[in-house]
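What follows is one structure encoded as structure tokens, with my remarks underneath.
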Amino acid sequence: MTNPRTLPSHVDICVVGGAGHVGAPMATVLASKGLSTLIYDTNAQAIASILAGRFPFIEHEGDAHLVAALASGHLFGSSDPADVARASTVLLTIGTPVDEFQNPRWEAVTDCVRALLPSLAHASLLVLRSTVAPGTTARLQAFLDAQGMNLPVAFCPERVVQGRAIDESQRMPQIVSGTSELAVARATEIFARVTPSLVYMQPAEAEFAKLFCNAYRYIQFAASNAFFMMAQQAGCDYDRIVAGMKEDYPRMSGFPGAGFTAGPCLLKDTLQLAASSGQQFGLGHAAMQVNEGLPAFVVEDLRRRYPLSTMTVGILGMAFKAGTDDVRSSLSYRLKKQLRLHARAVLTTDPHVVGDAELRPLQEVVALSDLLVVATPHAEYAHLDTGTVPVADIWGVVHRGHAG
Ligand SMILES: NC(=O)c1ccc[n+]([C@@H]2O[C@H](COP(=O)([O-])OP(=O)(O)OC[C@H]3O[C@@H](n4cnc5c(N)ncnc54)[C@H](O)[C@@H]3O)[C@@H](O)[C@H]2O)c1
């Protein structure tokens, strides 16, 4: 998929993985700042959607920004790797998953760059924006040096919240690091146009900083989830405890509520840190045990209180967090799997998720279920009329009470 009629021979930036959750908003912002920006992605369908002015996923007010960027004549798309050669700066936003041993897949970055080497001959900067294990930026520079490439590498991690990237990337501080002063200077030229606040670090510091941000959030959620389980086992209302803890008490203002902690980043990045510390990150592993164990806790709790084998259970929300259509690493699916072992039937619904053939309309799930479980606190469930059907609601989103 490409748009050869409008694709110029030279562009300022090519965003590789530019149709993804990080890449597409970033490319839109860069184009809106007047930088001619090419989105390159192997997903031709997502490129087609972007070129038609539609984000392939939920991005807050994204389509309006995208349409404006396309209309400005600064945004282009292609799934032909040869087109990457048109760019002076190449910005990498591909996924960086862990492998079957839960170690970072270093090859994710090198394989991508290796495949693009013929198109990087005239580039003057490679910016790594994906979240990577400590040492990756230096290794990438060494890899390029070994290929005889004279291409400075910068690491400028994405730290915005998914779904609000266009807004946040222009307000939040941007960490800038690079393997040389030249890399830092060139990256500065780009990001100074995006956000007023730049924070300078060494590449390894920046790699740790990004991972620490995510692991810390993951651990904070785990603390709340562990407290929730204790309170629930003691027969106490956790929401009332948290509300009491926070009332007029600023030190607890940032304390998160309990709920499924999932998605493509927090667990994966905690695993990256654990691997980089020789699996000596006990706190991170404890957080994983708590967060990943919460669906099983919920199911066991429900089994104690309801004759599940005689009941149809409806799960409300399959996305990994509220207001998104993203099901990557969503714990709703772990809950569904575990409930299926015990309930007579399990039905699922979500107002945003597409592509899951088992999803049913909300009202149908409510009408057919003997018990409802809120797995994702979508705003659509606030004030939901569930009649006499009991609701297990860790999040406290359905205001009729907390059965969970
Ligand atoms: N999702 C977030 O909110 C978020 C926030 C901060 C950081 N990150 C990090 O950013 C990176 C990307 O995450 P994401 O959520 O955008 O992933 P994503 O899967 O939504 O996007 C990655 C994109 O890269 C494309 N791609 C994969 N391999 C490619 C290749 N070799 N050449 C061209 N395109 C290729 C995919 O088709 C996809 O469109 C990860 O390292 C992630 O940890 C994500």
Side-chain angles (χ1 to χ4, degrees), residues 1-2 14-29 38-51 55-60 62 77-85 87 90-99 104-120 126-134 136-137 140 155-169 172 174-175 206-207 209-215 217-218 262-273 319-321 323-330:
M1 173 75 217
T2 186
C14 173
V15 181
V16 174
H21 292 79
V22 166
M26 191 72 241
T28 304
V29 170
L38 169 66
I39 290 175
Y40 162 65
D41 202 292
T42 45
N43 185 341
Q45 211 181 339
I47 293 276
S49 169
I50 289 168
L51 291 177
F55 267 88
F57 45 81
I58 293 179
E59 170 66 27
H60 185 63
S78 170
S79 51
D80 180 353
D83 286 332
V84 177
V90 173
L91 190 135
L92 235 64
T93 61
I94 59 164
T96 47
V98 289
D99 66 13
R105 274 200 69 242
W106 154 244
E107 303 78 22
V109 173
T110 24
D111 286 353
C112 173
V113 172
R114 195 193 315 272
L116 293 176
L117 279 177
S119 298
L120 297 177
L126 180 61
V127 183
L128 197 48
R129 191 160 180 78
S130 306
T131 306
V132 294
T136 302
T137 310
L140 180 58
F155 174 60
C156 305
E158 175 75 273
R159 289 196 301 162
V160 302
V161 71
Q162 186 169 317
R164 294 192 173 261
I166 290 181
D167 169 45
E168 285 202 357
S169 61
M172 298 283 167
Q174 174 64 54
I175 292 175
E207 290 161 344
K210 169 62 197 176
L211 292 173
F212 286 167
C213 286
N214 277 3
R217 277 168 56 72
Y218 192 68
C265 291
L266 299 190
L267 170 60
K268 183 258 294 181
D269 292 341
T270 305
L271 287 167
Q272 294 212 67
L273 262 188
F320 85 84
K321 70 170 181 177
T324 177
D325 53 356
D326 193 346
V327 296
R328 291 180 295 171
S329 304
S330 169

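Values in this document were obtained by computation on a predicted structure and should not be read as measured data. Read the numbers this way: they start at 1 and go in the same order the structure lists the ligands and their atoms.
Here is the list of ligand 1 atoms found below 4.0 Å of a heavy atom in Thr96: 40 (C), 41 (O), 43 (O). Under a 4.0 Å criterion applied to the non-hydrogen atoms of Ala19, ligand 1 contributes the atoms 39 (O). Heavy-atom contacts of Asn43 reach the following atoms of ligand 1: 37 (O) (cutoff under 4.0 Å). Set against the non-hydrogen atoms of Arg328, the atoms of ligand 1 under 4.0 Å away are 1 (N), 14 (P), 15 (O), 17 (O), 18 (P), 19 (O), 20 (O). Heavy-atom contacts of Thr42 reach the following atoms of ligand 1: 26 (N), 29 (C), 30 (C), 32 (N), 33 (C), 34 (N), 35 (C), 37 (O) (cutoff under 4.0 Å). Close approach to Gln162 involves these atoms of ligand 1, each under 4.0 Å from a residue heavy atom: 1 (N), 2 (C), 3 (O). Annotation for ligand 1: atoms under 4.0 Å from non-hydrogen atoms of Cys112 are 31 (N). Atoms of ligand 1 found under 4.0 Å from any heavy atom of Cys265 (numbered from 1 in listed order, with element): 2 (C), 4 (C), 8 (N), 43 (O), 44 (C).
For the residue pair Leu91 and Arg129, the shortest heavy atom distance occurs at CD2-CD, 3.8 Å. Of all heavy-atom pairs between Ala27 and Ile39, the closest is CB-CG1, 3.5 Å. Closest non-hydrogen pair, Leu92 versus Cys112, comes out as CD1-SG, 4.4 Å. Listed here is the closest heavy atom pair of Lys268 and Thr131: NZ-CB, 4.1 Å. In terms of heavy atoms, Thr96 sits closest to Gln272 at O-NE2, 4.1 Å. Nearest heavy-atom pair, Thr324 versus Gln162, reported as atom, atom and distance to 0.1 Å: OG1-NE2, 4.2 Å.
Checked against a 3.5 angstrom limit, the closest N/O atoms of His21 and ligand 1 fall inside it. Considering backbone and side-chain atoms together, Glu158 places no N or O closer than 3.5 Å to any N or O of ligand 1.
Looking at atom 36 (C) of ligand 1, its nearest protein heavy atom turns out to be Asp41 OD1, 3.4 Å. The protein heavy-atom contact nearest to atom 7 (C) of ligand 1 is Thr131 OG1, 3.4 Å. Closest to atom 11 (C) of ligand 1 among all protein heavy atoms lies Ile94 O, 3.4 Å. Nearest protein heavy-atom neighbour of atom 10 (O) of ligand 1: Val22 CG2, 3.4 Å. For atom 33 (C) of ligand 1, the closest heavy atom belonging to the protein is Tyr40 CE2, 3.5 Å. For atom 24 (O) of ligand 1, the closest non-hydrogen atom of the protein is Gly17 CA, 3.2 Å.
For the residue pair Glu207 and Thr137, a side-chain donor N or O sits within less than 3.5 Å of a side-chain acceptor on the partner.
Residue contacts with ligand 1 leave out Ala46, since none of its heavy atoms falls under 4.0 Å from the ligand. Using a 4.0 Å heavy-atom cutoff, Lys268 is listed among the residues neighbouring ligand 1.
Not one N or O on the side chain of Lys321 forms a donor-acceptor pair closer than 3.5 Å with the backbone of Ala262.
Under 4.0 angstrom from ligand 1, the non-hydrogen atoms of Thr93 all belong to its backbone.
Asp269 contributes atom CG, which lies 5.5 Å from atom CG of Leu211 (distance to the nearest 0.5 angstrom). Rounded to the nearest 0.5 angstrom, Asp326 CG and His21 NE2 are separated by 4.0 Å. In this structure, CG on Asp325 lies 10.5 Å from CD on Glu59, to the nearest 0.5 angstrom. One distance of note links CD of Gln45 with OG of Ser79; it measures 11.5 Å at 0.5 Å rounding.
Distances from atom 21 (O) of ligand 1 to the heavy atoms of Gly18, Gly20, Ser79 put Gly20 nearest.
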